[in-house]
Structures are given as C-alpha cells and as structure tokens.
Amino acid sequence: MQIFQVIEETIKKPPIPHEPYKQSLKAWAMYCLRDRGFKVIYAEKADFAIETRTGDKLYFKVTNTAIDLDNKYGWIVWDSSTKSASLIPPES
C-alpha cells in the first residue's frame, strides 16, 4: 500500500529530528505525520490513528524495541543506536 511508503519516508526524513530528552516518540511521530499533511486522530486501542481520505483508519503504536510486536497495528520503532526510526506496517 502506497500510504505506508509515504509514512516511512516521512519518519526516515523527518521535518525535525527526534530528541528523546525533549519529546516523546509518540509526540514526535504525530508531529511529523501532521506536518506531512496526514490527519492524525485519537485512537483508544493504539497510540494514534491516521484517517485516510476515504474515512478508513490506520492504527499505529510506537516503541523503542522491536520485540513481540502485534501485527494488527503499524509500528514506528526508534533505534537509539542508529538514532533513526523505522516503520513496520500491519499485516493485512
């Protein structure tokens, strides 16, 4: 799905760098996606959701470790050793 490519590009080349001592990973990811024009909304069972133009919702969680991730959600994973984020899309 093309939307996941755009999301991945957004977090790999963010408008601002993630600085863990200044902002949470969740706040940073939400800011980057909003800056790119995504409609980021509240999600009860995830950290946040993105509402598409068709009204569908894509749910995301954020983490600092890529261990035991639930494949129902998209995951934004921060790697502190490389100081970079990656996207793990949900399995359809």
Side-chain angles (χ1 to χ4, degrees):
M1 187 178 224
Q2 187 178 10
I3 191 167
F4 290 110
Q5 291 172 334
V6 176
I7 292 168
E8 186 168 31
E9 181 182 307
T10 301
I11 63 170
K12 287 196 178 285
K13 296 178 183 174
I16 60 169
H18 176 48
E19 298 171 302
Y21 56 90
K22 284 187 176 179
Q23 80 270 58
S24 70
L25 180 58
K26 176 182 170 182
W28 173 81
M30 290 172 60
Y31 173 83
C32 292
L33 293 167
R34 283 187 179 124
D35 185 70
R36 184 65 186 253
F38 286 100
K39 185 176 180 182
V40 180
I41 59 173
Y42 170 79
E44 189 173 314
K45 296 179 182 178
D47 288 325
F48 60 89
I50 292 176
E51 188 173 344
T52 65
R53 290 183 182 147
T54 60
D56 294 329
K57 294 179 184 157
L58 305 171
Y59 294 94
F60 290 88
K61 290 188 176 186
V62 298
T63 185
N64 291 317
T65 57
I67 299 171
D68 294 330
L69 303 181
D70 184 344
N71 61 8
K72 294 188 304 185
Y73 302 100
W75 286 88
I76 295 175
V77 181
W78 177 254
D79 184 346
S80 58
S81 63
T82 62
K83 296 188 182 344
S84 64
S86 61
L87 173 71
I88 300 172
E91 291 182 11
S92 334

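Paired with Asp47 under the rule side-chain contact (heavy atoms from CB on, under 4.5 Å), one option of Ile76, Thr63, Val62 passes, and it is Val62.
The minimum heavy-atom distance linking Leu69 with Ala66 is given by the pair CD1-CA, 4.0 Å. Nearest heavy-atom pair across His18 and Trp28 is N-NE1, 3.3 Å. A pairwise comparison of heavy atoms in Asp56 and Thr54 identifies OD2-OG1, 3.2 Å as the closest pair. Nearest heavy-atom pair, Thr10 versus Cys32, reported as atom, atom and distance to 0.1 Å: CG2-O, 3.5 Å. In terms of heavy-atom proximity, Phe48 sits nearest to Ala43 at C-CB, 3.7 Å. In terms of heavy-atom proximity, Trp78 sits nearest to Leu25 at CB-CD2, 3.7 Å.
Glu51 and Lys39 are joined by a salt bridge, as a carboxylate oxygen and a charged side-chain nitrogen come within less than 4.0 angstrom of each other. A salt bridge does not link Glu91 with Lys72: every distance from a Lys NZ or Arg NE/NH1/NH2 to an Asp or Glu carboxylate oxygen is 4.0 Å or more.
Rounded to the nearest 0.5 Å, atoms CZ (Arg53) and CD1 (Ile3) are 9.0 Å apart. The distance from atom CD1 of Ile88 to atom CG of Asn71, rounded to the nearest 0.5 Å, is 10.5 Å. Taken to the nearest 0.5 Å, the CZ atom of Phe60 stands 12.0 Å off from the CE atom of Met30. Summarising the geometry, atom CG belonging to Leu87 is positioned 7.0 Å from atom CZ belonging to Phe4; distances are rounded to the nearest 0.5 Å.
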Run the numbers on Ser84 and Lys12 for side-chain contact (heavy atoms from CB on, under 4.5 Å), then give the verdict.
CA-CA 7 Å; Ser84 64; Lys12 287 196 178 285; 5.9 Å; no
As a quick check of understanding, evaluate side-chain contact (heavy atoms from CB on, under 4.5 Å) for Phe38 and Thr52, giving each step before the final call.
CA-CA 8 Å; Phe38 286 100; Thr52 65; over 6 Å; no
Under the side-chain contact (heavy atoms from CB on, under 4.5 Å) rule, what do Ile50 and Ile41 come out as? Steps first, then yes or no, please.
CA-CA 6 Å; Ile50 292 176; Ile41 59 173; over 6 Å; no
Show your working on side-chain contact (heavy atoms from CB on, under 4.5 Å) between Tyr31 and Gln23 and close with a plain yes or no.
CA-CA 10 Å; Tyr31 173 83; Gln23 80 270 58; over 6 Å; no
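Checked by atom type and distance alone, the side chain of Ser80 never pairs as donor or acceptor with a backbone atom of Lys83 at under 3.5 Å. Between the Tyr59 side chain and the Pro90 main chain, no donor and acceptor come within less than 3.5 Å of each other.
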